[in-house]
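Each remark here refers to the structure printed beneath this line.
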Amino acid sequence: RRRYASWEDVYPGKMYERPYTEMMEFQAFLQWRAAKHMRFRAEIIKEYDKKNPVTAHGGQPSIAQPGSDAEGASVGPKWPFHQAVDRGNDWDHAEHLDGYGCSHFPFWKVISEEDFGIRVESTRSAANGKALWISELQGGSARNGFDVYPSVRAKPQQRWVWNGYARGAKAVIFWCWRDEVFGKESSGYGLAGYDGYADERLEAMEKTSEILNRHGDILEKYVPDKEKAGVYFDVNTYNLEWSKDGCAQRAMKSIYGYCRALERVNIPYTIIESGHLDIRKNLKTLFMPMPIIVPDEAA
């Protein structure tokens, strides 16, 4: 519904509060481009490595990517400028990989036990039966320029580890072993770092290592309870809300609200992404948080 003289007149939609069509199409393009890039990288690696699994991970699960102007959005990023889900859709990425994971820094991003579980469940849902990894778990106290965050004690860290395994993760990778030495994250994140609790963390990890070595076969075969409920996620809803407000925090908080309720009553659930309906399960209930966009096939 535009009147252009030539293609040179056409610009991508970059700023919210402008016409929604351009905003949403450009966000969809960014998400498509990210998936295309992931597929390109995976195919190149698999061409030369026929043996090892090819995996990737995101800094946030897709449901926690509302865009940059996330004032008061406790689970979303607050980086200088991001459109919604502009690092790509986890479900699209996982299609081309042998496994998928996610980063988790609970004492840096103020992630509750419930929200940690939600992040893992969202990643597991996107992996769709492929290997699930806790790909980047906080090793020690976070640093961000002049900001210093709480030290990481052993007990909460072990809860994160076993929470991941309980939800079907097959590996936990820490960021990182020693403290970082370059840039604004210097002096932070080390499992063996200098935040005052390295000894107790390593002692606890040694016990966990013994358990994993002793019962690894059982854990490898372990599968979490079958999902009874689903929570609907449509990336276009995020795109539309970002186009309006510069942050899709209503849609994000709505999804998190339903997931938190399911976490609290211990009902197994999965995230149903509208573009991958072929992986829907035999669910008893499907919750549809803020479904302002429902494609015909999903309906």
Side-chain angles (χ1 to χ4, degrees), residues 57-67 70 72-77 84-85 87-94 100-106 109-129 132-135 137 156 159-160 162-169 223-242 247-277 279-294 298:
H57 74 275
Q60 305 270 6
S62 294
I63 64 169
Q65 296 183 43
S74 61
V75 293
V85 201
R87 294 189 173 202
N89 187 335
D90 292 339
W91 280 261
D92 292 337
H93 289 328
Y100 205 62
C102 189
S103 299
H104 309 279
F105 292 84
K109 300 297 184 181
V110 195
I111 300 170
S112 68
E113 295 291 332
E114 292 169 337
D115 288 359
F116 178 88
I118 292 168
R119 293 168 67 94
V120 178
E121 291 296 341
S122 180
T123 309
R124 182 188 62 80
S125 300
N128 187 30
L132 168 66
W133 287 7
I134 308 297
S135 300
L137 185 62
R159 283 204 306 272
W160 306 333
W162 288 108
N163 197 340
Y165 279 120
R167 295 171 189 272
V223 177
D225 290 344
K226 189 173 181 59
E227 305 95 339
K228 297 179 180 179
V231 179
Y232 178 80
F233 166 60
D234 190 311
V235 70
N236 295 296
T237 294
Y238 279 47
N239 293 346
L240 176 55
E241 190 184 353
W242 189 93
C247 179
Q249 60 178 320
R250 291 184 183 89
M252 177 187 69
K253 287 182 175 181
S254 188
I255 288 178
Y256 265 79
Y258 279 95
C259 291
R260 283 171 184 152
L262 293 166
E263 290 277 331
R264 289 168 186 169
V265 294
N266 289 317
I267 293 178
Y269 65 95
T270 187
I271 308 294
I272 299 294
E273 199 269 335
S274 64
H276 295 78
L277 297 176
I279 68 173
R280 65 187 183 273
K281 311 296 192 300
N282 293 319
L283 304 173
K284 293 184 177 180
T285 306
L286 176 65
F287 296 101
M288 300 186 73
M290 195 177 172
I292 55 177
I293 292 182
V294 182

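Source: prediction; values computed, not measured.
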Got a sec, which residues hit ring pair (Phe, Tyr, Trp, His ring centres under 6.0 Å) with F105, two or more places apart in sequence or on another chain?
W108, Y189

Quick one: list whatever passes side-chain hydrogen bond (donor to acceptor under 3.5 Å, both in side chains) with S274, sequence neighbours left out.
D234

Could I get the full list of side chain to side chain contact (heavy atoms under 4.5 Å, CB included) partners for I267, not counting sequence neighbours?
K228, A229, L262, V265

Any heavy-atom pair between the side chains of I134 and N163 that's under 4.5 Å?
no

Does S62 offer a backbone N or O that forms a donor-acceptor pair with the side chain of D90 under 3.5 Å?
yes

By ring pair (Phe, Tyr, Trp, His ring centres under 6.0 Å), which residues pair with F233, not counting sequence neighbours?
W91, Y238

Please report the shortest heavy-atom distance between S125 and I271, naming the atom on each side.
OG-N, 2.9 Å

Under a 3.5 Å cutoff, is there a donor and acceptor pairing between the side chains of E114 and Y256?
no

Test of understanding: with side-chain hydrogen bond (donor to acceptor under 3.5 Å, both in side chains), list the residues that count as partners of H104, not counting sequence neighbours.
R119

With S122, which residues qualify under side-chain hydrogen bond (donor to acceptor under 3.5 Å, both in side chains), at least two apart?
none

Sub-4.5 Å side-chain heavy-atom contact between E113 and W160:
yes

Minimum heavy-atom separation for F116 to P106, with atom names?
CD1-CG, 4.1 Å

Partner of N89 under side chain to side chain donor-acceptor pair (under 3.5 Å), picked from E273, Q65, H276, is E273

Which residues pass the salt bridge (Lys or Arg N to Asp or Glu O under 4.0 Å) test with E121, sequence neighbours left out?
R124, R167

Kindly write out the residues that satisfy side chain to side chain contact (heavy atoms under 4.5 Å, CB included) with P291, not counting sequence neighbours, or none if the list is empty.
M288, V294

